[in-house]
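Heads up: the structure comes next, in structure tokens.
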Number of protein chains: 2
Amino acid sequence: MTNAILSSGLEDYLECIYNHINSTGGVKAIQISKDLNVSRASVTDALHRLAEKQYINYERYGIIVITEKGVKKAEEIIDKHTILTKFFEQVLELDIDEASENACRIEHVITEQAFNKLKLFMKEKKVLVKT
Amino acid sequence: MTNAILSSGLEDYLECIYNHINSTGGVKAIQISKDLNVSRASVTDALHRLAEKQYINYERYGIIVITEKGVKKAEEIIDKHTILTKFFEQVLELDIDEASENACRIEHVITEQAFNKLKLFMKEKKVLVKT
DNA sequence: TCACAATGTTAAACCAATCTAACAAATATA
DNA sequence: TATATTTGTTAGATTGGTTTAACATTGTGA
């Protein structure tokens, strides 16, 4: 099963890894464990699972490197996160934390089709007419 | 743990049970198993868990009865489902199946606060201004 | 009413994800 | 450089949810 779909959990790990690598060039397991509020053991486990599915390259005690496939996936997730957060902030007028929290939860379950429509909606800022 | 929060899975069972009871007065495990695409054994298991948390009353081979608490919870879930479906249909212009599918997925994870805002948004059909 | 079909339950196994505790490796510092 | 601290790994247990297969109960129609 090296190519199975990513669970919400693994998506969170990947997103976290990508964000760190993107901003500081690297990331350590302990940081991920703090960010996601899980044990170091769970991180080790997740790294194995992500590597098995070829979203990252990684060896025992080694540095974490995202693959092409991983970057693509992470960017998709982050794109969803960004648009969803904007929707909750700008359209539903939630504060940033609540908006981000909902984005986190929904980014893993919204369908591609629905997300594309939402993206369009946010770009166009379509005007609704009261019926 | 008789009062723990309901997992997405259990929410689906409860929603299914409520809908059947509401429309035909009762429901059997086999129907739930068909609706949710799980084995009869999983249904039995879910009924135990729902009963333990006091969302339903139920005994071995007996009829399934929803408690006050269960009705309240089910109606909350269905309210979310309805509003979310409308949003995806009317605002994002998805077809009914895709709208419902997304509602199903999101109804279990959206926060109360976000949902209340969405509900308001759908009621007011607020006009957005392109920035 | 009795046998068969349908439905429900149980046990045992499985899987993903988590944890703790013990241990190993790497890093920092005296 | 030797040791102490930090970080990472492993093993083993736990939890929730699922399955299949065997069995129990209920319901139905000859």
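For clarity, every value in this text was computed on a predicted model and none was experimentally measured. Throughout, protein chains are lettered first and strands after them, A, B, ... in sequence-line order, and every chain is numbered starting at 1.
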I want to verify a distance call: between [options], whose nearest atom is closest to the [X] side chain?
X: A:S7; options: C:dA17, C:dA26, C:dG8; answer: C:dA17
X: A:R49; options: D:dT9, D:dT25, C:dA16; answer: C:dA16
X: A:A41; options: D:dA24, D:dT7, C:dT20; answer: C:dT20
X: A:Y58; options: C:dC19, D:dT9, C:dT18; answer: D:dT9
X: A:T44; options: D:dT18, C:dT7, D:dT10; answer: D:dT10
X: B:Y61; options: C:dG8, D:dT9, D:dT20; answer: C:dG8
X: B:I30; options: D:dT25, C:dT7, C:dT18; answer: C:dT7

Atom pair distance, as rounded to whole Å: [atom1] in [X] and [atom2] in [N]:
X: A:E59; N: C:dA25; atom1: CD; atom2: P; value: 15 Å
X: A:K53; N: C:dA17; atom1: NZ; atom2: P; value: 7 Å
X: B:I63; N: C:dT9; atom1: CD1; atom2: P; value: 13 Å
X: A:H108; N: C:dA16; atom1: NE2; atom2: P; value: 19 Å
X: A:D45; N: D:dA11; atom1: CG; atom2: P; value: 12 Å
X: A:R40; N: C:dC19; atom1: CZ; atom2: P; value: 12 Å
X: A:I32; N: D:dT7; atom1: CD1; atom2: C1'; value: 12 Å
X: A:L47; N: D:dG8; atom1: CG; atom2: C1'; value: 10 Å

If we ignore hydrogens and angles and just use 3.5 Å, is the side chain of B:D79 paired with the main-chain N or O of B:E75 as donor and acceptor? no
Indicate yes or no for a side-chain donor-acceptor contact from A:D45 to the backbone of A:A41 under 3.5 Å, with no hydrogens or angles considered. no
For B:K73 and B:I77, run side chain to side chain contact (heavy atoms under 4.5 Å, CB included): C-alpha distance rounded to whole Å, both residues' side-chain angles, the deciding distance at 0.1 Å, then the answer. CA-CA 6 Å; B:K73 186 69 177 179; B:I77 300 166; 4.2 Å; yes
Counting the atoms with a prime plus P, OP1 and OP2 as sugar-phosphate, which does A:V38 contact under 4.0 Å by heavy atoms, base, sugar-phosphate, or nothing? sugar-phosphate
[N] phosphate, OP1 or OP2: any side-chain N/O from [X] under 4.0 angstrom?
X: B:H48; N: C:dT10; result: yes
X: B:S39; N: D:dT18; result: no
X: B:R60; N: C:dT10; result: yes
X: A:S42; N: C:dA17; result: no

Here's a test of your reading of the structure: between A:N37 and B:K28, which maps to the more 5' nucleotide of DNA chain C? B:K28
Identify, between A:Y13 and B:V43, the residue whose nearest nucleotide on DNA chain C lies closer to the 5' end. B:V43
Indicate yes or no: does B:E112 engage B:K80 in a salt bridge with an N to O separation below 4.0 Å. yes
Measure from the ring center of A:F87 to the ring center of B:F87 and say whether it is less than 6.0 Å. yes
Among A:I63, A:T67, A:I17, A:L47, which residue satisfies the side-chain contact (heavy atoms from CB on, under 4.5 Å) criterion with A:Y58? A:L47
